[in-house]
Amino acid sequence: MKKNGNRRRGRLIKRFLLGTAGVMFLLAVSVAGFFGVKGYQMYQEAVAERPISEIVENIRSQEGFTAYDELPQIYIDAVIAAEDKRFESHWGIDFLAIARAAWKDLITLSFKEGGSTITQQIAKNQLFTQEKRIERKAAEVFAAFALEKECSKKELFEMYVNSIYFGSGYYGIHDAAQGYFGKTPQELTDYECVLLAGLPNAPSVYSLNNSMELATRRMAVVLERMVKCDKLTAREAEELLKGNPAGG
């Protein structure tokens, strides 16, 4: 009798857990659907007011616009390694990065991780406010897919580096290179390229006019990621951090 009672209780617990899981799943789907619809509406309103083709043209026509093929390769590699290592292969959304960021947010309760791709950052900066709302994040996803459909990867990279903020009032790689080093982007050294690639992560903090020490720490993080992405050897990264590029 005791054994049968234990089995009965086990079945009841199992049914309860399955039922709870089912309810939670349906709730999650409902919430996702609700914010997905609101996000899609927000996305449609944003592109109706400012079409993607208009955004592209505005950035390309600005003074100092620097084309992808005019950028040093090490700068391109550094930006991608630092901001979005799967940029060249994803369709605007990096689900692996989102899952990793969500897990870090969950275990730290910090909710600071973003998981945003370069394409999502373009969408956020050009179409939406910086306000952290779930529906805005959903709208950002729809906009990222639209950007990837309409623009090539080179065009997206151009849009990003020619509009992103580098601190000290400098927007775009041309102004940052001129403002910080008195050079065009093509004239930057490898050291300067990697240093600038790290600034947009937190431009007010890493601005070279505010704290060269913090900017250098950020540069070390970028170099570490470049090594992991096989864009530099460990020795090359070490030499660059010293301001003495290996072989140069």
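The residues of the chain are indexed from 1 along the displayed sequence.
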Worksheet item: Can E238 and R235 be counted as an ion pair, charged N to O under 4.0 angstrom?
Response: no
Item to complete: Write out all pairs satisfying ring pair (Phe, Tyr, Trp, His ring centres under 6.0 Å) with one or both partners inside residues 218-239, taking only residues at least two apart or from two chains.
Response: none
Worksheet, complete the sentence: Taken in chain and number order and not counting sequence neighbours, the residues that satisfy side-chain contact (heavy atoms from CB on, under 4.5 Å) with A144 are I93, T119, Q120
Discussion item. Can you list everything that forms a side-chain hydrogen bond (donor to acceptor under 3.5 Å, both in side chains) with N162? Sequence neighbours excluded, please.
Written reply: none
Practice prompt. Tell me, please, which residues at least two apart from R217 pass salt bridge (charged side-chain N to carboxylate O under 4.0 Å, His left out).
Written response: E213
Worksheet item: Who are the ring pair (Phe, Tyr, Trp, His ring centres under 6.0 Å) partners of F181, not counting sequence neighbours?
Response: none
Response to the item:
So the salt bridge (Lys or Arg N to Asp or Glu O under 4.0 Å) pairs with at least one residue in residues 63-74 (sequence neighbours excluded) are D69-K154
Worksheet entry | Residue from T117, I80, I76 passing side-chain contact (heavy atoms from CB on, under 4.5 Å) with F87 | I80
Practice prompt. Would you please name every residue forming a ring pair (Phe, Tyr, Trp, His ring centres under 6.0 Å) with F166, sequence neighbours left out?
Written response: none
Discussion item. Between V205 and Y170, is there shared hydrophobic-cluster membership here, with clusters defined by ILVMFWY side-chain heavy atoms closer than 4.5 Å?
Written reply: yes
Fill in: Partners passing side-chain hydrogen bond (donor to acceptor under 3.5 Å, both in side chains) against E83 (at least two apart in sequence or in another chain)
Q121
Item to complete: Apply salt bridge (charged side-chain N to carboxylate O under 4.0 Å, His left out) to E224 and list each qualifying residue two or more places apart in sequence or on a separate chain.
Response: K228
Worksheet item: Hydrophobic cluster mates of Y165, side-chain heavy atoms under 4.5 angstrom, ILVMFWY only, any path?
Response: Y171
Worksheet entry | Listed once per pair and sorted, the side-chain hydrogen bond (donor to acceptor under 3.5 Å, both in side chains) pairs that draw on residues 197-212, sequence neighbours left out | S168-S207, S168-N209, Y180-S207
Worksheet item: Under the side-chain hydrogen bond (donor to acceptor under 3.5 Å, both in side chains) test, which residues partner T66, sequence neighbours left out?
Response: none
Item to complete: Report the relative orientation of the aromatic rings in Y40 and Y43; use parallel for angles under 30°, tilted for 30 to 60°, perpendicular for over 60°.
Response: tilted
Item to complete: Classify the side-chain pair T189/K183 by whether it contains a donor and acceptor separated by less than 3.5 Å.
Response: no
Worksheet item: Given side chains that start at C-beta, do those of K85 and R225 come closer than 4.5 Å, heavy atoms only?
Response: no
Discussion item. For N58 and R50: C-alpha separation, side-chain torsions, deciding distance, then whether side-chain contact (heavy atoms from CB on, under 4.5 Å) applies.
Written reply: CA-CA 11 Å; N58 285 345; R50 195 175 183 212; 3.5 Å; yes
Worksheet entry | Test side-chain contact (heavy atoms from CB on, under 4.5 Å) applied to L71 and V161, L188, V79, the passing residue | V161
